[in-house]
Amino acid sequence: MTNDEYEYEYAIRADGLRRRYAGARGGFEAVRGIDLAVEHGEIFALLGTNGAGKTSTVELLEGLAEPSGGTVRVLGRDPYRQRAEVRPRIGVMLQEGGFPSDLTVAETVRMWAGCTTGARPVGEALELTGLGGRAAVRVKQLSGGERRRLDLALALLGRPEVLFLDEPTTGLDAEGRRETWRLVRRLREGGTTVLLTTHYLEEAESLADRLAIMHGGRIVAAGTPAEVTAARPARIRFTLPEGVPAGRLPLSLRAASEDGRRVEIRTPDLQQALGELLFWARESAVRLEGLDARSASLEEAFLDIARDATDPRDQTTDTFGTEKAGV
């Protein structure tokens, strides 16, 4: 198998990827040797705290900048050095488009289509993103959410094989966000590979087949949303009746309570802990008020990772002992 055939097993692949910005005292390394592999036809979410290195990473994957170290392949090609081959096959939705404000929506799409190989018809692109009724409206009159839809329409003009979405639903209301999710899923069903960044963890949990969480320029957790959340404990919360102290609970449940009545149990085995708690409550004739039991959410896992991860600039490996995402 040749190197090109090996790389083309993945829609997107990065190995040992680094990006350093020049400056005083040796500059700043925003991306610190990450490995990343995105399968053909999957939705992959790249998450991270502010300053984690997401945008710097995505710019390298899009071919907008040259890596300081490591390699990148998109559809088997170097997106920076072989840009002429890669660019017609990808779509890019930036955080902000910067459109001429006096053009109408249709004029903007038509102008962009003139620079796009094999562009969709203007009307199709607008209907696809819910802007069919706004074709004659000037860009400056669009809401923030409508501008994001216009960004997406332009990214989809060339029927991309790989689509990069940078914060795609910022500014959209709840219904607009879910409509965008439905569109992204349809694109995936049609074979498009999607890599997205988002600050909406519900969005990543709902959309992504797999995800990676960045912190301090490294990938510190990766896998399916279920795999990432499974590494964090589930929780059970309830309130005990007056006269029933938390000390009566089975010691094996490792319950915590600040006031003796409101109780929280953290457990790696939700079913076993909940079963034991309910058996105790029945045998003790105790009613548990406000009983709430749930597995960790992606938001909880993300916040735990952001809180627990130490600065990897001072380490030779990341917090979780691996930097590989999906390889």
Novice: Please check if the side chain of Arg147 supplies one atom and the backbone of Val139 the other of a donor-acceptor pair under 3.5 Å.
Specialist: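 It does hold such a pair.
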
Novice: Side-chain contact test, heavy atoms from C-beta onward, threshold under 4.5 Å: evaluate it for Ile12 versus Val72 and give yes or no.
Specialist: no

Novice: Rounded to the nearest 0.5 Å, what separates atom CG in Leu201 from atom CD in Glu300?
Specialist: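 Output value for this atom pair is 11.0 Å.
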
Novice: So, applying salt bridge (Lys or Arg N to Asp or Glu O under 4.0 Å) with Glu146, which one of Arg134, Lys140, Arg138 is it?
Specialist: Arg134

Novice: Nearest 0.5 Å, what's the CZ-CG distance between Phe302 and Leu211?
Specialist: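 Nearest 0.5 Å value for the CZ-CG distance: 10.5 Å.
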
Novice: Please say yes or no: joined through hydrophobic side-chain contacts below 4.5 Å, possibly via intermediate residues, are Met214 and Val38 part of one cluster?
Specialist: yes

Novice: Within the distance-only criterion (no hydrogens, no angle test), does the side chain of Thr197 pair as donor or acceptor with the backbone N or O of Glu167 below 3.5 angstrom?
Specialist: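 Such a contact is found between Thr197 side chain and Glu167 backbone.
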
Novice: Hey, are Glu289 and Arg261 close enough for a salt bridge, meaning a charged N less than 4.0 Å from a carboxylate O?
Specialist: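 No salt bridge links Glu289 with Arg261.
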
Novice: Is there a side-chain contact (heavy atoms from CB on, under 4.5 Å) between Thr198 and Leu207 once you walk through the steps?
Specialist: CA-CA 11 Å; Thr198 180; Leu207 280 180; over 6 Å; no

Novice: Are side-chain N/O atoms of Glu203 and Thr169 paired as donor and acceptor at under 3.5 Å?
Specialist: yes

Novice: Nearest 0.5 Å, please: how far is CG in Leu60 from CZ in Arg18?
Specialist: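 Atom-to-atom, Arg18:CZ and Leu60:CG are 12.5 Å apart.
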
Novice: For Glu264, does the CD atom have more than 12 heavy-atom neighbours from other residues, nucleotides or ligands under 6.0 Å away?
Specialist: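 Yes - once you tally the heavy atoms of other residues, nucleotides and ligands closer than 6.0 Å, there are more than 12.
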
Novice: Has Lys54 got a side-chain atom pairing as donor or acceptor with Leu47's backbone, closer than 3.5 angstrom?
Specialist: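 No; judged by distance alone, with no hydrogens or angles, the pair does not exist.
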
Novice: With a 4.5 Å heavy-atom cut-off, do Asp35 and Ile219 have their side chains touching?
Specialist: no

Novice: Could you go step by step and tell me if Leu196 and Leu46 meet the side-chain contact (heavy atoms from CB on, under 4.5 Å) rule?
Specialist: CA-CA 6 Å; Leu196 67 91; Leu46 189 61; over 6 Å; no

Novice: Apply the test side-chain contact (heavy atoms from CB on, under 4.5 Å) to residues Leu183 and Trp181: give CA-CA distance (whole Å), side-chain angles for both, the deciding distance (0.1 Å), then the verdict.
Specialist: CA-CA 5 Å; Leu183 172 56; Trp181 295 357; over 6 Å; no

Novice: Is the backbone of Glu39 close enough, under 3.5 Å, to the side chain of Glu42 for a donor and an acceptor to pair up by distance?
Specialist: yes

Novice: Holding to side chain to side chain contact (heavy atoms under 4.5 Å, CB included), I want the full list of residues that pass it with Ala113, two or more places apart in sequence or in another chain.
Specialist: Ala119, Leu157

Novice: Can you give me the closest heavy-atom contact between Pro160 and Gly91, atom names plus distance?
Specialist: CB-N, 3.2 Å

Novice: Enter the distance from Leu187:CG to Thr192:OG1 here, rounded to the nearest 0.5 Å.
Specialist: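 Leu187 CG to Thr192 OG1: 5.0 Å, rounded to 0.5 Å.
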
Novice: Any Lys/Arg nitrogen of Glu59 or Arg19 sitting under 4.0 Å from an Asp/Glu carboxylate oxygen of the other?
Specialist: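 The answer is yes: the pair qualifies as a salt bridge.
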
Novice: With a 3.5 Å distance limit and no angle check, can you tell me whether Ser56 reaches the backbone of Gly53 through a side-chain donor-acceptor pair?
Specialist: no

Novice: In terms of hydrophobic clusters joined by side-chain contacts under 4.5 Å, are Ile90 and Leu165 together?
Specialist: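 Different clusters.
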
Novice: Decide yes or no for Val286 and Pro241: does some side-chain heavy atom of the first lie under 4.5 Å from some side-chain heavy atom of the second?
Specialist: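 Heavy-atom side-chain distance check passes, below 4.5 Å.
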
Novice: Answer yes or no: are there more than 12 heavy-atom neighbours, outside Gln141 itself, under 6.0 Å from its atom CD?
Specialist: yes

Novice: Checking Arg177 against Tyr200: is there a side-chain donor and acceptor pair closer than 3.5 Å?
Specialist: yes

Novice: State plainly whether one hydrophobic cluster holds both Leu154 and Leu142, where clusters connect Ile, Leu, Val, Met, Phe, Trp and Tyr through side-chain heavy atoms under 4.5 angstrom apart.
Specialist: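 Same cluster.
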
Novice: Ignoring hydrogens and angles, tell me if any N or O in the side chain of Arg120 forms a donor-acceptor pair with the backbone of Leu156 under 3.5 Å.
Specialist: yes

Novice: State yes or no: do Leu103 and Val109 share one hydrophobic cluster built from I, L, V, M, F, W and Y residues joined by side-chain heavy-atom distances below 4.5 Å, directly or via other members?
Specialist: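 In one cluster: no.
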
Novice: In Å, rounded to the nearest 0.5 Å, how long is the span from CG of Leu163 to CZ of Arg89?
Specialist: 14.5 Å

Novice: Minimum heavy-atom separation for Leu94 and Asp151, please, with both atom names.
Specialist: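 Taking Leu94 first and Asp151 second, the nearest heavy atoms are O-OD2, 4.3 Å.
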
Novice: Please step through side-chain contact (heavy atoms from CB on, under 4.5 Å) for the pair Leu17 and Thr71, ending with a clear verdict.
Specialist: CA-CA 6 Å; Leu17 189 62; Thr71 60; over 6 Å; no

Novice: Is the CZ atom of Arg254 crowded by more than 12 outside heavy atoms at less than 6.0 Å?
Specialist: no

Novice: Rounded to the nearest 0.5 Å, how far does OG1 of Thr267 lie from CD1 of Ile265?
Specialist: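 That separation rounds to 8.0 Å.
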
Novice: Side chains of Val194 and Phe164: does their closest heavy-atom pair fall under 4.5 Å?
Specialist: no

Novice: May I ask whether Leu75 and Val58 are part of the same hydrophobic cluster, defined by side-chain heavy atoms of I, L, V, M, F, W, Y residues being less than 4.5 angstrom apart, directly or through others?
Specialist: yes

Novice: Closest approach of Arg232 and Ala301, non-hydrogen atoms and distance?
Specialist: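 Closest pair (atom of Arg232, atom of Ala301, distance): CG-CB, 3.4 Å.
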
Novice: Using distance alone, with no hydrogens and no angle criterion, decide if Thr180 and Arg185 have a side-chain donor and acceptor under 3.5 Å apart.
Specialist: no

Novice: Mind listing the closest non-hydrogen atom pair of Arg262 and Ser257 along with its distance?
Specialist: O-OG, 2.8 Å

Novice: Any donor-acceptor pair under 3.5 Å linking the side chain of Ser206 with the backbone of Glu202?
Specialist: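 No; judged by distance alone, with no hydrogens or angles, the pair does not exist.
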
Novice: If you take all heavy atoms of Gly63 and Tyr80, which pair is closest and at what distance?
Specialist: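 For Gly63 versus Tyr80, the nearest heavy atoms are O-CD1, 3.5 Å.
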
Novice: Considering non-hydrogen atoms only, spot the tightest contact between Glu276 and Pro250 and give its length.
Specialist: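 So the minimum-distance heavy-atom pair works out to OE2-CB, 3.8 Å.
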
Novice: Looking at Arg178 and Glu175, is any side-chain nitrogen of the basic one under 4.0 Å from a carboxylate oxygen of the acidic one?
Specialist: no

Novice: Please step through salt bridge (Lys or Arg N to Asp or Glu O under 4.0 Å) for the pair Glu66 and Arg81, ending with a clear verdict.
Specialist: CA-CA 8 Å; Glu66 185 176 16; Arg81 297 183 181 279; 2.4 Å; yes

Novice: Considering only residues two or more places apart or on different chains, which pairs with a residue in residues 186-200 satisfy salt bridge (charged side-chain N to carboxylate O under 4.0 Å, His left out)?
Specialist: Arg188-Asp209

Novice: Begin with the C-alpha distance, continue with both residues' side-chain angles, and end with the deciding distance and a verdict on side-chain hydrogen bond (donor to acceptor under 3.5 Å, both in side chains) for Glu161 and Thr193.
Specialist: CA-CA 6 Å; Glu161 297 172 56; Thr193 302; over 6 Å; no

Novice: Heavy-atom count around Glu283 CD within 6.0 Å, excluding the residue itself: above 12?
Specialist: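 Counting other residues, nucleotides and ligands, CD of Glu283 exceeds 12 neighbours.
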
Novice: So, the side chain of Trp280 versus the backbone of Arg248: is there a donor-acceptor pair under 3.5 Å, distance only?
Specialist: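 Flag set: sc Trp280 to bb Arg248 pair under 3.5 Å.
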
Novice: Has Asp166 got a side-chain atom pairing as donor or acceptor with Met93's backbone, closer than 3.5 angstrom?
Specialist: no

Novice: Without swapping roles, check the side chain of Glu107 against the backbone of Thr104 for a donor-acceptor pair under 3.5 Å.
Specialist: yes

Novice: Any side-chain donor-acceptor pair under 3.5 Å between Ser68 and Tyr21?
Specialist: no

